Amino acid sequence: MPARAVFIVLALLSMLHLYIGMRLVPAIDPGPLGVAVAVALLAASTLLMPAGLLSVRFKRWRWSDQLAWAGMLTMGFFSSLLVLTVLRDVALLALTVFGAAGAAVVRGTAIAVPLVALAVTLVGLVNARRVARVVEVEVPIAGLPAALHGYSIVQISDLHVGPTIKRGYLNAIVARVNALEPDAIAITGDTVDGSVLRLRPHTEPLGRLAARDGAFFVTGNHEYYSGADEWIAEMRRLGLTVLMNQHVVCERGDAALMIAGVTDFTAHHFNESHRSNPRAAAAGAPAHVTARILLAHQPRSAPAAADAGFHLQLSGHTHGGQFFPWNLFVPLQQPFTAGLNRMRDLWVYTSRGTGYWGPPKRFGAPSEITRVRLVSA
């Protein structure tokens, strides 16, 4: 991160922490020692968040992982603290209008804000770090042959192996996926946050993924932040089938389905030759294919997928919002936030993600391993 960007981030964080301090500390009135402690904690928070994000640059430092954890946990707590402080101010303004904002209310709400923020952060930490639950989804496909009825695809998405998600976490995910004995496995992008050199030991468990028709991988935007070409080569080395505007045909007797994959919706910003193209991914499919499935990291690939004649798109990217209030902003960029939705003749399933990005925190948007079953409409 350039020095100018670091300065801007620190300046913005300083102002936001100053706002929180001025709105809460005087109202709590903790005394001189309490004020000193509050100021020290707010200053530490201001510095820890950018330090956590930059911890990858200190990878040779013995405590770099611990710094990442401290920075990401602080980010999660600060996010809730800021939102609750703003909500408190809005509530106090409304109460003032009705003459109900007494001293006890002002002090009580000021004490409640950091306590609630801490509770939400701890619950969110537990939710984020436990092994993702299995979500069962049935997708009806018109004209699906009997031989393909019940065909299962297990989807994992947005693992974000990196500063706080390591080999142990991924081992548990791979074990749970394999236990489902799927026909196919789909990895729909944002698998890593970091270079192959740094993360290769932690992504090795992906090589143990096993399904009758194979495990398929498509890029997400974070692969492009982390060296997409190197990660594409690494995924192939691990035995995954990387689909870059390509497809494979899986057969059951005389019946066949197509599993296609596109590069990330924004890939062309990094490499023009990687421009996402659902139509190219479907090109040349044999006539006897009766189910067309597209793996596309971002839900906003759906209009092009519908135009290309796909029946089902599996996506991720949104994390289901991960935690409030970010779920409110997802619809500004994506057509769907989570779950099974319909766009014209296309079903779109958007995973809430199997890992998390940034703060190890999930609140109201649980992580998931998705088992999709195709059924006759």
Side-chain angles (χ1 to χ4, degrees), residues 1 3-55 63 66-129 163-164 321-329 356-365:
M1 185 182 293
R4 177 182 173 84
V6 172
F7 175 79
I8 292 172
V9 168
L10 282 173
L12 179 60
L13 286 174
S14 297
M15 289 188 288
L16 292 174
H17 281 81
L18 180 62
Y19 159 70
I20 292 171
M22 292 181 66
R23 296 304 301 153
L24 299 183
V25 177
I28 296 173
D29 191 20
L33 179 59
V35 170
V37 171
V39 169
L41 290 174
L42 289 169
S45 175
T46 302
L47 296 174
L48 272 175
M49 281 190 280
L53 289 171
L54 294 170
S55 62
W63 304 104
Q66 287 79 0
L67 178 62
W69 268 101
M72 295 301 102
L73 285 168
T74 300
M75 185 185 296
F77 175 71
F78 168 76
S79 177
S80 291
L81 186 65
L82 177 62
V83 169
L84 289 169
T85 302
V86 172
L87 292 177
R88 171 182 177 268
D89 279 352
V90 172
L92 287 178
L93 179 61
L95 291 171
T96 300
V97 172
F98 294 101
V105 171
V106 172
R107 187 169 190 271
T109 54
I111 293 172
V113 163
L115 293 178
V116 173
L118 180 61
V120 169
T121 301
L122 291 176
V123 171
L125 173 63
V126 172
N127 288 340
R129 293 298 300 181
T164 62
Q322 195 161 314
F323 58 89
F324 179 84
W326 309 116
N327 57 306
L328 302 179
F329 295 97
Y356 55 84
W357 180 84
K361 180 177 179 180
R362 278 188 172 272
F363 197 84

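Note that the structure is a prediction, hence the values are computed from the model and not measured.
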For a side chain to side chain contact (heavy atoms under 4.5 Å, CB included) check, start with the C-alpha distance between Leu48 and Phe78, then their side-chain angles and the critical distance, and finish with the verdict. CA-CA 11 Å; Leu48 272 175; Phe78 168 76; over 6 Å; no
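- Nearest heavy atoms, Thr46 versus Ser14: CG2-OG, 3.6 Å.
- Closest heavy-atom contact between Phe363 and Asn127: CA-ND2, 4.5 Å.
- Using a 4.5 Å cut-off on side-chain heavy atoms (C-beta onward), Val35 and Pro32 make no contact.
- In this structure Arg23 satisfies the side-chain hydrogen bond (donor to acceptor under 3.5 Å, both in side chains) test together with Asp89, sequence neighbours excluded.
- At distances below 3.5 Å, at least one donor-acceptor pair connects side-chain atoms of Gln322 with backbone N or O atoms of Lys361.
- Between atom CG of residue Leu82 and atom CG of residue Leu16 there is a gap of 5.5 Å, rounded to the nearest 0.5 Å.
- A side-chain contact (heavy atoms from CB on, under 4.5 Å) with Leu81 is found for one member of Leu24, Val86, Thr121, Val116 and no other, namely Leu24.
- Using cut-offs of 30° and 60° for the angle between ring planes, the Phe323 and Trp326 rings count as perpendicular.
- Contact between Arg88 and Val106 at its shortest, heavy atoms only, is NH2-O, 2.9 Å.
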Derivation and outcome, side chain to side chain contact (heavy atoms under 4.5 Å, CB included), residues Val120 and Phe77: CA-CA 8 Å; Val120 169; Phe77 175 71; over 6 Å; no
Tell me, with the steps shown, if Leu47 and Leu10 meet side chain to side chain contact (heavy atoms under 4.5 Å, CB included). CA-CA 7 Å; Leu47 296 174; Leu10 282 173; 4.1 Å; yes
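- Of all non-hydrogen atoms in Leu73 and Pro360, the two that sit nearest each other are CD2-CG, 3.6 Å.
- Between the Arg362 side chain and the Gly124 main chain, no donor and acceptor come within less than 3.5 Å of each other.
- A distance of 4.5 Å separates CE of Met49 from CG of Leu13, quoted to the nearest 0.5 Å.
- Around atom CH2 of Trp69, more than 12 heavy atoms belonging to other residues, nucleotides or ligands sit under 6.0 Å away.
- Summarising the geometry of Pro163 relative to Ala68, their closest heavy-atom pair is CB-CB, 3.8 Å, with the distance given to 0.1 Å.
- Closest non-hydrogen pair, Ser45 versus His17, comes out as OG-NE2, 2.6 Å.
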Verdict with supporting geometry, Leu92 and Val105, side chain to side chain contact (heavy atoms under 4.5 Å, CB included): CA-CA 8 Å; Leu92 287 178; Val105 171; 4.1 Å; yes
